[in-house]
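Because only heavy atoms are used, hydrogens play no part in the values below, and waters and symmetry mates are left out as well, while side chains stay in. Please read all numbers here as calculations on a predicted model, not as lab measurements.
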Amino acid sequence: MKVGIIGTGRLGKALAGHFTRAGHQVKVANSRGPDTLAPLVGELGENASAGTPQEAADFGDVVVLAVQWDQKESAVASVSSWQGRVVLVPVNPLRETEGRLEHADTAGRPPTEVIASLLPGALVVKGFNTYPAQVLAEDPVVDGGRRLVLLAGDDAAAKRKVADLADSAGFQAVDTGTLAEGGPLFDSGGPLGGPRKDLLAL
C-alpha cells in the first residue's frame, strides 16, 4: 500500500516506521519542506521518500494527518482538496504547555467531529490515537498479544483499508462503528481514550 504521512513529529515517525517495516511505501511531509526530511528518510530506508504535503496526499492510498492539534488547520490547508481521500486521523485535542499536556477547548464538540469538519469530502477514519507516541513506536506484540488499534469511520471500505494497514504492522484493528458512534469512545477523555498502554488482544 502507499501511505502519505503529513506531520513528522513523534507520532508521524512512529507510524512511518511501522508501515515501512511492514513493506508499504511511505511518503512523509512536514511544513518545513522535503529537504529537511533527508535524515528521517535515511533512517526509514528504501520504502520511504519525502515530499510536500500535497505530494504526500496525492501519493497515498491512505493519508495520515499526524500533526499536533494546533497545527490541524494549516496542515489541512496545505492540500488543495480532500475529496475522496482516505484520511487516517490519530490526532488528540492536546497541546504542550510548559512541558505539560493540556486539553484544548473544543467548544463542546467531539474532537473527531472537529477534525472531520475540516476535511470536506474525505473518508475519515479515526485511529492510532490511544497510545503515547513513544509507546506507539514500540513493537505492537506484547506478552504474546497485540496492541489494539480502535477505528471509527463512516465508510466501511476506508476502515477496511486502514485496518489492513494496522494488521500488517502487527496491531489488531477493532472496528467501533461510525465516527459518531465509535469516535467518542476513544477520543481523548472518552472511556477507552488515551494515552494508555493496556489495550491488548490476547
Side-chain angles (χ1 to χ4, degrees), residues 1-30 34 37-38 40-67 72 75-76 78-91 112 115-116 119 121-131 133 135-141 146-179 182-183 186 199 201:
M1 205 178 299
K2 293 180 178 179
V3 184
I5 298 181
I6 299 173
T8 53
R10 288 176 295 179
L11 178 59
K13 288 178 182 177
L15 292 176
H18 284 303
F19 297 154
T20 53
R21 283 191 293 272
H24 303 291
Q25 298 295 311
V26 173
K27 188 178 288 291
V28 292
N30 63 13
L37 295 171
L40 175 58
V41 169
E43 181 183 324
L44 292 170
E46 62 182 11
N47 287 338
S49 61
T52 65
Q54 183 69 57
E55 289 168 343
D58 291 342
F59 176 82
D61 300 312
V62 173
V63 186
V64 185
L65 191 65
V67 298
K72 62 188 184 300
V76 165
S78 66
V79 175
S80 59
S81 172
W82 293 94
Q83 185 67 39
R85 302 185 194 274
V86 177
V87 184
L88 169 60
V89 178
V91 181
T112 301
I115 297 283
L119 299 164
L123 307 175
V124 175
V125 180
K126 177 82 170 183
F128 283 98
N129 66 302
T130 54
Y131 302 107
V135 173
L136 184 62
E138 296 171 358
D139 188 339
V141 178
R146 293 191 289 165
R147 286 200 168 104
L148 298 180
V149 171
L150 306 179
L151 301 178
D154 297 339
D155 186 274
K159 275 191 292 188
R160 183 70 255 163
K161 194 171 284 190
V162 174
D164 288 346
L165 258 185
D167 291 343
S168 73
F171 295 88
Q172 175 66 59
V174 176
D175 185 349
T176 67
T178 65
L179 290 175
F186 60 96
L199 289 173

Note, His18 side chain near Ser168 side chain (heavy atom, < 4.5 Å):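 With C-beta onward as the side chain, the pair stays apart.
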Below 4.5 Å, heavy atoms only, C-beta onward: do Val162 and Val86 meet side chain to side chain?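 Val162 reaches Val86 side chain to side chain.
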State which residue, out of Lys2, Arg85, Lys27, fulfils the salt bridge (Lys or Arg N to Asp or Glu O under 4.0 Å) condition with Asp58.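 Exactly one pass, corresponding to Arg85.
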From CG (Leu148) to OG1 (Thr176), nearest 0.5 Å: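 If we round to the nearest 0.5 Å, Leu148:CG and Thr176:OG1 are 11.5 Å apart.
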Close side-chain approach of Thr52 to Ser78, heavy-atom, < 4.5 Å: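 When only atoms from C-beta onward are counted, Ser78 and Thr52 do not touch, as no gap falls below 4.5 Å.
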Phe128 pairs by side chain to side chain contact (heavy atoms under 4.5 Å, CB included) with which of Leu165, Val91, Leu136?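 The single option meeting the side chain to side chain contact (heavy atoms under 4.5 Å, CB included) with Phe128 is Leu136.
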Within-4.5 Å side-chain heavy-atom neighbours: Leu179 and Lys126: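 Result yes, sub-4.5 Å side-chain heavy-atom pair found.
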Before accepting this row, confirm whether a basic side-chain N of the pair Glu138/Arg147 lies closer than 4.0 Å to the acidic partner's carboxylate O.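 Judged by the 4.0 Å cut-off on N to carboxylate O distance, Glu138 and Arg147 do form a salt bridge.
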Looking only at heavy atoms, what is the nearest atom pair of Ala169 and Pro140, with distance?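 For Ala169 and Pro140, the tightest heavy-atom pair comes out as O-CG, 3.4 Å.
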Does Asn47 reach the side chain of His24, with side-chain heavy atoms less than 4.5 Å apart?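 Side-chain contact under 4.5 Å: no.
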Any ion pair linking Arg160 and Asp155 (charged N to carboxylate O, less than 4.0 Å)?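 Between Arg160 and Asp155 there is no salt bridge, as every charged N stays at least 4.0 Å from the carboxylate O atoms.
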Taking atom OH of Tyr131 and atom CZ of Phe171, what is their separation to the nearest 0.5 Å?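 The OH atom of Tyr131 sits 7.5 Å away from the CZ atom of Phe171.
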Can you tell me how far apart CG (Leu123) and CG (Asp154) are? Round to the nearest 0.5 Å.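 Answer for the CG-CG pair, Leu123 versus Asp154, is 9.5 Å.
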Taking all atoms of both residues into account, what is the closest heavy-atom pair of Ala48 and Thr20, and its distance?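 Scanning both residues, the minimum pair turns out to be CB-CG2, 4.2 Å.
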CA sep, side-chain torsions, deciding dist, call: Trp82, Val63, side chain to side chain contact (heavy atoms under 4.5 Å, CB included): CA-CA 10 Å; Trp82 293 94; Val63 186; 4.0 Å; yes
Exercise: identify the closest heavy-atom pair between Phe186 and Asn129: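 The answer is O-ND2, 2.9 Å.
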To the closest 0.5 Å, what do you measure between CG (Asp139) and CZ (Arg21)?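 Asp139 atom CG to Arg21 atom CZ measures 8.5 Å (nearest 0.5 Å).
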Rounded to the nearest 0.5 Å, what separates atom CE in Met1 from atom CG in Asp61?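 These two atoms lie 6.5 Å from each other.
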Less than 4.5 Å apart, any side-chain heavy atom of Leu40 and any of Thr8?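 Result yes, sub-4.5 Å side-chain heavy-atom pair found.
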List the steps and the verdict of side chain to side chain contact (heavy atoms under 4.5 Å, CB included) for Leu119 and Val89. CA-CA 11 Å; Leu119 299 164; Val89 178; 4.3 Å; yes
Where Ala133 and Ala14 come nearest, the two heavy atoms and their spacing: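 For Ala133 versus Ala14, the nearest heavy atoms are O-CB, 4.1 Å.
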Rounded to the nearest 0.5 Å, what's the gap from CG on Leu44 to CD1 on Ile5? Could you check?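 These two atoms lie 8.0 Å from each other.
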Please report the shortest heavy-atom distance between Ala16 and Val28, naming the atom on each side.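 Smallest interatomic distance, heavy atoms only, reads CB-CG1, 4.2 Å.
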No-hydrogen, no-angle side-chain donor-acceptor test under 3.5 Å, Gln54 and Ser80: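 Present: a donor and an acceptor within the cut-off.
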Give the minimum heavy-atom separation between Leu37 and Ala50, together with the two atoms involved.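 Taking Leu37 first and Ala50 second, the nearest heavy atoms are CB-CB, 3.9 Å.
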Is the side chain of Lys161 donor-acceptor paired with the backbone N or O of Ala156 at a distance under 3.5 Å, no angle test?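 No; zero donor-acceptor contacts below 3.5 Å.
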With a 4.5 Å cut-off on side-chain heavy atoms, are Val76 and Leu65 touching?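 Yes, close enough: below the 4.5 Å cut-off.
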Hey, are the side chains of Val79 and Ile6 touching, using non-hydrogen atoms and a 4.5 Å cut-off?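 Result yes, sub-4.5 Å side-chain heavy-atom pair found.
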